[in-house]
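Right, one structure below, let's go through it.
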Amino acid sequence: MRIGIYDMENNDRLYDLFTQGLTCTAHPWLAGLRKQAFIDFTETGLPTVRHEDWKYTNVLPFFDENLALPQGASMETARGWIERERLEPSSAVITLVNGRYWPSLSGIPEDFGDVTAVNLDEALFQWPERVRAHLGTHDDHRKHPLSALNLAFARDGAFVHIGKDSRTPRPIYVFHLTLPGAEGRSFVNTRSLVVAEPNSEATIVEKWIDGDSGAAFSNSVTEISVGAGARVRHVKWREKAADAAHVHRIRADVDRDGSFRSYSLTEGERLDRTDIDVSLNGEGAETELLGLYVLTDKRHADHHTFVDHRVPNTRSDERYKGILDGASDGVFNGKVFVRPDARKTRAAQKNDNLLLSSDATVNTKPQLEILADDVRCGHGATVGRLRPDALFYLQSRGIGKEQAERMLVRAFAAEILEAVPAESVKSGMTRRLFGTDPGPSKERTS
């Protein structure tokens, strides 16, 4: 059965999985929230390519009879994947394996002060009212079917709370590790919550790692509350995976004079979709969204952004860059919405793409919807190849063609990579792409 632009044929399978994963909880309000989220999902169903926002990203092939709830994994294997990250011993870490918290691979140093970094399940027992005030309140899952599925299925996630006037001395790392265990395609759902109280500051790094997990489907949501005068930097890094699918929705509310900066880095996979939705709710609020997708073979990456300027005197800046080789394809769809009362808004949006192969494709659609006067907004997009004159210049100086191409590609990516506020991510991504470290940091902390 099909209703409108949504597919309902796979609801029976999802219902079976939902009832399998539904367990008793000490929080009736949470059980009710999960059940209502699944009901809301069934009223819409899965999005199809006939939906404008999903025109180039088809999730339906992943929702079949092979879909299964994730199972456990060995400690030795999980530890090996985390140790390869080469983090400092003093790092704050939350590790989620197949969607569940592993305390033996997690912890937070004492010098983080009034900062809490635990799993969501623990936070529900320690601070139920604090969680209840935010969980599911920032993201309207009724408008986003996969977000509704996440709320219904998620058994755990990360919970980060930064106390008033506090600051994290180093980034907090959240590792989402998917390991083999389930028969079929593991359906992994995590829901994370970040709450930054007024005048606090934090850097959060979320990284997804598919440890030879085959065709897993990870569906994640991160809700972020940025208090008045607070500053939150969120880094999302997705390593490439051969046959996996990944959907991640990031929803942030920014209060007066608050700042939210997002850095999205991905190497793509069979299906990779990131939605970033930011509401600027108080005067002086600002957001900066930076992204880099580097795709090869037949990998796919889709970024959808939405910035809502709700009040006067707010600012947003978006810069996304794509490097596409082989038969890969990329998507960028960004929208800036300026409400009638949002005077003196400043908004800029840019998407640049570099095609290294004649088989690579990109679909880009920056958008502005302005309903207010006295604003300064602009947007643009470019799609092109390496400049022959630049290649000729480098080759005329004795540099081989392959090295010259690599130098130009790295220069194209440098604007995004150098801004990443986590050295381990910056150096790790640079090594993976170019085989070298990025050199001295030029990151901004303001």
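The structure displayed is predicted, hence computed values, not measured ones.
Annotation: salt bridge (charged side-chain N to carboxylate O under 4.0 Å, His left out) contacts of Lys298 (sequence neighbours excluded): none. In this structure, Asp272 has no salt bridge (charged side-chain N to carboxylate O under 4.0 Å, His left out) partners at least two apart in sequence or on a different chain.
Residues Asn333 and Gln367 have side chains that bring a donor and an acceptor to within less than 3.5 angstrom of each other. Looking at His176 and Ser220, their side chains never bring a donor and an acceptor atom within 3.5 Å of each other.
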inquiry  = Please evaluate residues Phe175 and Leu87 with respect to the criterion side-chain contact (heavy atoms from CB on, under 4.5 Å), reporting the C-alpha separation (whole Å), side-chain torsions for both, the decisive distance (0.1 Å), and the verdict.
reply    = CA-CA 12 Å; Phe175 291 112; Leu87 296 175; 3.3 Å; yes

task = Assess whether side-chain contact (heavy atoms from CB on, under 4.5 Å) is satisfied between Phe38 and Leu149, documenting all intermediate values.
result = CA-CA 6 Å; Phe38 191 79; Leu149 268 187; 4.3 Å; yes

key: Test log, rule side-chain hydrogen bond (donor to acceptor under 3.5 Å, both in side chains), inputs Asp325 and Thr296   = CA-CA 5 Å; Asp325 203 352; Thr296 59; over 6 Å; no

key: Pair His234-Thr222, side-chain hydrogen bond (donor to acceptor under 3.5 Å, both in side chains): steps then yes or no   = CA-CA 10 Å; His234 180 268; Thr222 302; 4.6 Å; no

ask   = Under the side-chain contact (heavy atoms from CB on, under 4.5 Å) criterion, do Val195 and Arg130 qualify, and how do the steps go?
value = CA-CA 9 Å; Val195 180; Arg130 183 180 292 175; 5.6 Å; no

ask   = Should Phe337 and Leu371 be marked as a side-chain contact (heavy atoms from CB on, under 4.5 Å) after you check the CA-CA gap, both sets of side-chain angles, and the distance that decides it?
value = CA-CA 8 Å; Phe337 181 51; Leu371 304 179; 3.7 Å; yes

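Residues Leu46 and Phe41 are in side-chain contact: their nearest non-hydrogen atoms beyond the backbone lie under 4.5 Å apart. Using a 4.5 Å heavy-atom cutoff, the side chains of Phe153 and Leu69 are in contact. For the pair Gln126 and Phe159, the minimum side-chain heavy-atom distance is 4.5 Å or more. Contact of the Thr266 side chain with the Thr274 side chain is not registered, since no non-hydrogen atoms from C-beta on lie closer than 4.5 Å. Side-chain contact check for Leu292 versus Val420: every heavy-atom pair is 4.5 Å or farther apart. The closest side-chain heavy-atom distance from Cys377 to Val338 is below 4.5 Å. The side-chain heavy atoms of Trp54 and Leu60, taken from C-beta on, include no pair separated by under 4.5 Å. Residues Val221 and Leu151 fail the side-chain proximity criterion, which asks for heavy atoms closer than 4.5 Å.
Contact between Gly334 and Thr305 at its shortest, heavy atoms only, is CA-OG1, 3.1 Å. Residue Leu324 comes nearest to Gly330 through the heavy atom pair CD2-N, 3.3 Å, listed as atom of the first residue, atom of the second, then distance. Of all heavy-atom pairs spanning Ala154 and Arg34, the tightest one is O-NE, 4.2 Å. Minimum heavy-atom separation, Trp102 to Ala78: CZ3-CB, 3.5 Å. Closest approach of Ser316 and Val307 over heavy atoms only: CB-CG1, 3.8 Å. Here the shortest heavy-atom pairing between Ala413 and Ile323 reads CB-CD1, 4.0 Å.
Asp210 contributes no side-chain N or O that, together with a main-chain N or O of Leu177, makes up a donor-acceptor pair within less than 3.5 Å. Panel note: side chain Arg185, backbone Phe62; a donor-acceptor pair is recorded below 3.5 Å. Using a distance-only test at 3.5 Å, with no hydrogens or angles considered, no donor-acceptor pair links the side chain of Ser147 to the main chain of His141. Here the side chain of Ser91 pairs no donor or acceptor atom with the backbone of Val93 at under 3.5 angstrom. Between the side chain of Ser427 and the backbone N or O of Glu423 there is at least one donor-acceptor pair closer than 3.5 Å. In this structure, the side chain of Ser357 engages the main chain of Gly326 through a donor-acceptor pair within 3.5 Å. Side chain of Asn98 to backbone of Leu179: a donor-acceptor contact under 3.5 angstrom is found. The backbone N or O of Leu146 sits less than 3.5 Å from a side-chain atom of Asn219, completing a donor-acceptor pair. When atom types are taken as modelled, the side chain of Asp297 and the backbone of Arg299 share no donor-acceptor pair closer than 3.5 angstrom. One N or O on the side chain of His304 and one on the backbone of Asp53 form a donor-acceptor pair closer than 3.5 Å.
In this structure, Trp208 and His248 have tilted ring planes: the angle between them lies in the 30° to 60° band.
Atom CG of Asn119 is separated from atom OG1 of Thr190 by 12.0 Å, given to the nearest 0.5 angstrom. Taking OG of Ser328 as the start and CG of Leu295 as the end, the distance is 4.5 Å to the nearest 0.5 Å. Note: Thr95 OG1 to Tyr101 OH = 8.0 Å, rounded to the nearest 0.5 Å. Taking CG of Leu408 as the reference point, atom CG of Leu354 lies at 8.5 Å (rounded to 0.5 Å). Note: Arg346 CZ to Asp317 CG = 10.0 Å, rounded to the nearest 0.5 Å. Atom-to-atom distance recorded for Glu286:CD and His309:NE2 is 11.0 Å, nearest 0.5 angstrom.
Salt bridge annotation for Glu288-Arg315: absent, with no cationic side-chain nitrogen under 4.0 angstrom from a carboxylate oxygen. Contact check on Arg238 versus Glu269 returns a salt bridge, with a Lys/Arg side-chain nitrogen under 4.0 Å from an Asp/Glu carboxylate oxygen. Under the 4.0 Å criterion applied to side-chain N and carboxylate O atoms, Arg155 and Asp121 are not assigned as salt-bridge partners.
Remark: of the listed residues Ile250, Leu280, Val194, Ile250 is the sole one forming a side chain to side chain contact (heavy atoms under 4.5 Å, CB included) with Phe260. For the side chain to side chain contact (heavy atoms under 4.5 Å, CB included) criterion with Ser225, the lone passing option out of His138, Arg251, Glu197 is His138.
For the pair Lys321 and Phe412, the cation-pi test (distance below 6.0 Å, angle within 45°) is passed.
Under the salt bridge (Lys or Arg N to Asp or Glu O under 4.0 Å) criterion, the residue pairs touching residues 358-369 are Glu52-Lys365, Lys335-Glu369, with sequence neighbours excluded.
Around atom CZ of Arg142, no more than 12 heavy atoms belonging to other residues, nucleotides or ligands sit under 6.0 Å away. By the neighbour-count criterion of 12 heavy atoms within 6.0 Å, atom CG of Asp373 is sparsely surrounded, having that number or fewer from other residues, nucleotides or ligands. Atom CZ of Arg256 has 12 or fewer neighbouring heavy atoms from other residues, nucleotides or ligands inside a 6.0 Å radius.
In this structure, Tyr293 has its ring center no closer than 6.0 Å to that of Phe332.
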